[in-house]
Each structure stands twice: as structure tokens, then as C-alpha cells.
2 protein chains.
Amino acid sequence: MGHETWVRVENLEKGLCGKSRHVFFRGVATVVTKLFNIVEPDVAVFGKKDYQQWRIIQTMVRDLDFGIKVIGSEIVREHDGLAMCSGNVKLSPENRQKALSISPALSRTKVEAEKGQVNCRELINCAIQTINEAGGRVDYAEIVEQESLEPVETIKTPVVFCVAAWFGKVRLVDNTEIDV
Amino acid sequence: MGHETWVRVENLEKGLCGKSRHVFFRGVATVVTKLFNIVEPDVAVFGKKDYQQWRIIQTMVRDLDFGIKVIGSEIVREHDGLAMCSGNVKLSPENRQKALSISPALSRTKVEAEKGQVNCRELINCAIQTINEAGGRVDYAEIVEQESLEPVETIKTPVVFCVAAWFGKVRLVDNTEIDV
């Protein structure tokens, strides 16, 4: 008899990366449960670059009463702004150059929102345009509530702007929290 | 944000009691995971009266790497053969009398199988008739493989004969392992 037990965080797993990767977060939650049961850690640190993954683990730990403190670690960037990721080594020099468009697009969105632009559609379109013009192909760009990851139309509470984009055959994700 | 994390044992949860109680075992697996994470036991004992529940917990513990030894405890019966269950107190004296038909129906099935009757349909029909004639209403009666809980037509390997039946508004489950 093979493995047949799955841990699912049913709302958080649906949006953002979950839309195109249907069973991905089921796998993440299940394998992290296995890891937690084997290692029995007191503290677990997850990078906020994979924001949805971090929120899923945090919710799973709360819902299943794991006695583990989950810490979200701030995104660490290369000197040129690219968020550190094991997948970066797969980028050709040309695609890496194109991918440098993500970080400033996120920063500008954050600045504009903090200056009072609350219309998400306008903020998002501007960022998509920046990345696409640099030669990327945006998979999704969404402004969502920080805990529920529900999309918002107008920024009223703390949100996070999440982007996934293709550069050649490499898909990168990045995000920035906007605490208005 | 409400609870949204569920543990599912996807094959074992489907048959037997799972057919009429669609989200029941999702709840069992999730709440037992919570209990395990809070109590952190070394050993957990589950009664084999709820055979499907026991197998689900056993599989969950294996698949999710809980460091817990799961023990199946043999069914304990009242002096008159009725399997002990918290629900028994809800039986009227009349329905309790009718419910006494289950245990001999299981025993006879086991004896017949051990004497060489391998045709499950005939064994099952005989047991259903006994319980229904006593005034019960059989919900299901199935002979299934002991680990996978997959129904079998002909007994070749160890099986378990599982029965659920209504007596008035009380639903009882019982079973007997047949190790041929």
C-alpha cells in the first residue's frame, strides 16, 4: 500500500501559485508535516519570498496544533536586487538581466501605494507593463490581503503584492509587503 | 480566519462508513493529528470495533512519520455479546434485544469461512438476513481485505467482515477478523 495521506490547507492553497500548480501545496504541507514529525523542531524559519508557502505552513501549524514557532524570514536579495533563489542559477545571462525588472517594479508599486495610490488594478498594470517590456512574461501579479491572501481591489489594510513571471524557461516569484 | 487544514487518508476514508459519512474520517484524522501534536504520545491504542478508523489512524501515522506506535485493541463485548460502545446506552430495551443478532451473525460467518465457505456474497447475505429478521436494518455488510479495506469476492487472504446496522435511531458497527 502506497502513501495516501495528504495535508491540505484548503483556502490558502487555491490562489496565486496554486492556480497553475494544483497539487503543489498539498505536497508542501504534507512533506513539511513529515519533516516536523521527524525533526520535532521548536522553531522553523521559512523565507517570505515564497509568501504563500509561508502562510500555508503558518496556518497548518496553528490548525494542527504543532508546538512549533514559525518565523517568516525577510527576502534576501543579490546586490542587483534579484531575490535569492536556487532557481536563479538556471537563468541565462540575458534572462537574468531581464529578471532584474521585477525588484524595481515591486519597489515602485510599494512607493506609489504608500504615497496614496489605492487602486490595485492601476498599480498592478503598471508593474506588469514594466516586467513585460523588459522581456519577461508575467504569470500572475496580484495584490492580496496579507493573511488570507484574498485579492483586494482597493488597498485599505496591509497587503502583499505577489508576482510570478517567466524568463525563458525559468519561473521566478517575488513579492513586497505594503503596510499602509 | 477559521480552521482550514484537513488531514485526509484518501483511499481508506472512502469505503464502509465513509460511503454514508462523507467528511467523517477527514474530521477523525484531523482531530487525532491535533491530539497527537498536543499530547505527543509514544503509544496510542484504538479499539478495533471502529476498524476503519483504526486502519486510517495507522496509515496516517505511517505516512506522516508520527513517532507513535498505534495498537489495535480487541473488541470488548458485554456478557450477551453486544460490542461495547458509548452509543449502546441510547438503545431501548427492545432495540437492544434486536441488536444481539449482530454478534452471532458475525461469529457464524467466521465459522463458515473457516470451514471453507469462500464465497463472500453467500456469507454476507446470510448475515444480513439474520440481522434484518431480528428487526435491525443493515446499512452495510462487507467482507474486505484487512489492510486496504478493499472488498473481496472470494476469501483468499485475511479479511474482516464489517457490519453497520440501525436499531431504531441507533446505528451500531461491529466486525470480526477472519484469518484464513
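Note that these values count all heavy atoms, side chains included, but never hydrogens, waters or copies made by symmetry. Below, chains carry the letters A, B, ... as their sequence lines are ordered, and counting in each starts from 1.
Chain B forms more heavy-atom pairs under 4.5 Å with one residue of A/N11, A/T33, A/I68, A/I56 than with any other, namely A/N11.
Across B/E4 and A/D63, no two heavy atoms sit closer than the pair N-OD2, 2.9 Å. Heavy atoms only, all atoms of each residue included: A/L64 and B/N37 are closest at O-ND2, 2.8 Å.
Taking a 6.0 Å sphere around NZ of A/K110, one finds it holds more than 12 heavy atoms contributed by other residues, nucleotides or ligands. At most 12 non-hydrogen atoms from other residues, nucleotides or ligands lie less than 6.0 angstrom from CD of A/Q97. Around the CD atom of B/Q117, the shell of radius 6.0 Å holds more than 12 heavy atoms that belong to other residues, nucleotides or ligands. The environment of B/E78 atom CD is dense: over 12 non-hydrogen atoms of other residues, nucleotides or ligands sit within 6.0 angstrom.
Cluster annotation: B/V173 and B/F167 are assigned to distinct hydrophobic clusters (Ile/Leu/Val/Met/Phe/Trp/Tyr, side-chain heavy-atom contacts under 4.5 Å, transitive). A/I155 and A/F161 fall within the same hydrophobic cluster, where Ile, Leu, Val, Met, Phe, Trp and Tyr residues are linked whenever their side-chain heavy atoms come under 4.5 Å apart, directly or through other members.
At a 4.5 Å heavy-atom cutoff, the contact between B/L12 and chain A is made by backbone and side-chain atoms alike.
Between atom OG1 of residue A/T59 and atom NE2 of residue B/H3 there is a gap of 10.5 Å, rounded to the nearest 0.5 Å. Annotation: the span from A/E10 atom CD to B/R8 atom CZ amounts to 7.0 Å, rounded to 0.5 Å. Rounding to the nearest 0.5 Å gives a distance of 11.0 Å between CG of B/D65 and OG1 of A/T30. The structure places NZ of A/K34 at 11.0 Å from CZ of B/F66, a figure rounded to the nearest 0.5 Å.
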